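A quick note: this is a predicted structure, and the numbers were derived from the prediction, not measured. Lettering of chains follows the sequences in order, A, B, ..., and the numbering in each one begins at 1. Any value given below was found using the heavy atoms of this structure, including those in side chains, with hydrogens, waters and symmetry copies removed.
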There are 2 protein chains.
Amino acid sequence: MSGGVEWALHCCTLLSRASQPVPAVKLAEYHDVSPSYLAKQLQLMSRAGLVRSTQGNAGGYVLTRDAAAITVLDVVEAIDGVLPAFRCTEVRQRGPLATPAEQCADPCAIAKVMDSADRAWRDSLRAVTIADLVADADRQILPGAVERARAWLAS
Amino acid sequence: MSGGVEWALHCCTLLSRASQPVPAVKLAEYHDVSPSYLAKQLQLMSRAGLVRSTQGNAGGYVLTRDAAAITVLDVVEAIDGVLPAFRCTEVRQRGPLATPAEQCADPCAIAKVMDSADRAWRDSLRAVTIADLVADADRQILPGAVERARAWLAS
DNA sequence: AGCACTCGGATATATCTTATCCAAGTAGCT
DNA sequence: AGCTACTTGGATAAGATATATCCGAGTGCT
């Protein structure tokens, strides 16, 4: 999995707290990561429709919908794409004892197992929203930290 | 996921049918894949203890235990390794408003979600054995195909 | 109209996967 | 016992993907 997924998720949690657009440079500085590379992740999220960008002065990124309506899977698929990790190359149809194509209407047993596992993985990621992440984080951080973050974003 | 996983799984199903050692070249020819690259996958499975190799004349690879005792996860981990796809870099401990380290004893919310999804994925793969794959394949192939495969392996 | 600030796509670098080769080792045959 | 043929094992190139970066296009404010 791409390492940018972690950054993107952190950005979403931060954006859900800000009510004003946050520029990419500020998001990078807050998390202490490469600004030019984070820009790429934000671009991917913009294309996926998770965030909306406004250019010009006082511009930046805003979530397009409520944090409770954005799942972790949405972010993962925006960054890493929607294609499953396993791709069946139909090995059974190759070689000297190849299975004839008309016998291969159903996916082979290996593909079925991989698809099933991929579905379980995605279901697990779909069950958690950005709002859930924020709620969990609020339970752990020190009191006043949220206010400090909001103030830092506004500065 | 590495493409070699598919080859490795196909090799396991074929090895479970053969009662004699099968050399890597024969496995590659049967599946019509690169012999030199397949050798690498077999090497990884050998290191993981899934197959045992015998050198010299009439040598080759044999499964070390019954097909019902080898799960799909065993093969996937032998080829792709046991490390989870997501690795938390503790972003929360970086930046101007970094969370102090003593507050970070528990993994962050993002890491928890990813670990949970990874566990669901692995559980799904662990639930299926090579024997299950063979049984599923037997249901789909034409009658007599198994005997032809055994004969080809012996030739 | 000009200016300062922001995003977006095109462009280098690094790392991992894929693919290949040759040397080490083993079993059976002479 | 030595030899030969066969097989695996690790070390080595080529290609693909992920990572990191830069500069031009666009937008709102003065």
Choosing from D/dG9, D/dT21, C/dT20, which nucleotide comes nearest the side chain of B/Q43? D/dG9

Between the base of D/dG9 and the side chain of B/Q55, is there a donor-acceptor distance below 3.5 Å? no

Rounded to whole Å, NZ of A/K26 lies from C1' of C/dC5 at a distance of 13 Å

Are any of A/R47's side-chain N or O atoms less than 4.0 Å away from OP1 or OP2 of C/dG9? yes

Spacing between A/K40 atom NZ and D/dT17 atom C1', to the nearest angstrom: 11 Å

Taking D/dT21, D/dG9, D/dT8 as options, the one with an atom nearest any side-chain atom of B/S46 is D/dG9

In whole angstroms, the gap separating C1' of D/dA20 from CG of A/L38 amounts to 12 Å

Can you measure B/I79 atom CD1 to C/dT17 atom P for me and round it to whole angstrom units? 12 Å

Determine: side-chain N/O of A/T54 to OP1/OP2 of C/dC7, distance under 4.0 Å, yes or no. no

Report the residue (A/G56 or A/S2) whose heavy-atom-nearest nucleotide on DNA chain D is the more 5′ of the two. A/S2

Salt bridge between B/R65 and B/D74, side-chain N to carboxylate O under 4.0 Å? yes

Pick base, sugar-phosphate or nothing for A/R52, based on heavy-atom distances below 4.0 Å to the nucleic acid. nothing

Would you mind checking if A/D132 and B/K112 are paired as a salt bridge, meaning a charged N to carboxylate O distance below 4.0 Å? no

In whole angstrom, give the distance that lies between atom CZ of A/R87 and atom P of D/dT17. 10 Å

State whether B/W7 and B/K40 meet the cation-pi test: NZ (Lys) or CZ (Arg) under 6.0 Å from the six-membered ring centroid, and within 45° of the perpendicular axis. no

Could you tell me whether B/R87 atom CZ has more than 12 heavy atoms of other residues or ligands within 6.0 Å of it? no

Taking atom C1' of D/dA18 as reference, at what distance in whole Å does atom CH2 of A/W7 sit? 12 Å

Describe the nucleic acid contact of B/A24 in one word from base, sugar-phosphate, nothing, applying a heavy-atom distance below 4.0 Å. sugar-phosphate

Atom-to-atom span, CG of B/L83 to C1' of C/dC16 - whole angstrom: 14 Å

First of A/G4 and A/N57 reached from the 5' end of DNA chain D, by closest nucleotide: A/G4

I'd like to know if A/D118 and A/R122 make a salt bridge, using a cut-off of under 4.0 Å between side-chain N and carboxylate O. yes

Given C/dT20, is OP1 or OP2 found less than 4.0 Å from the side-chain N or O atoms of B/S34? yes

What is the distance, rounded to the nearest whole Å, between atom OH of B/Y37 and atom P of C/dT17? 9 Å

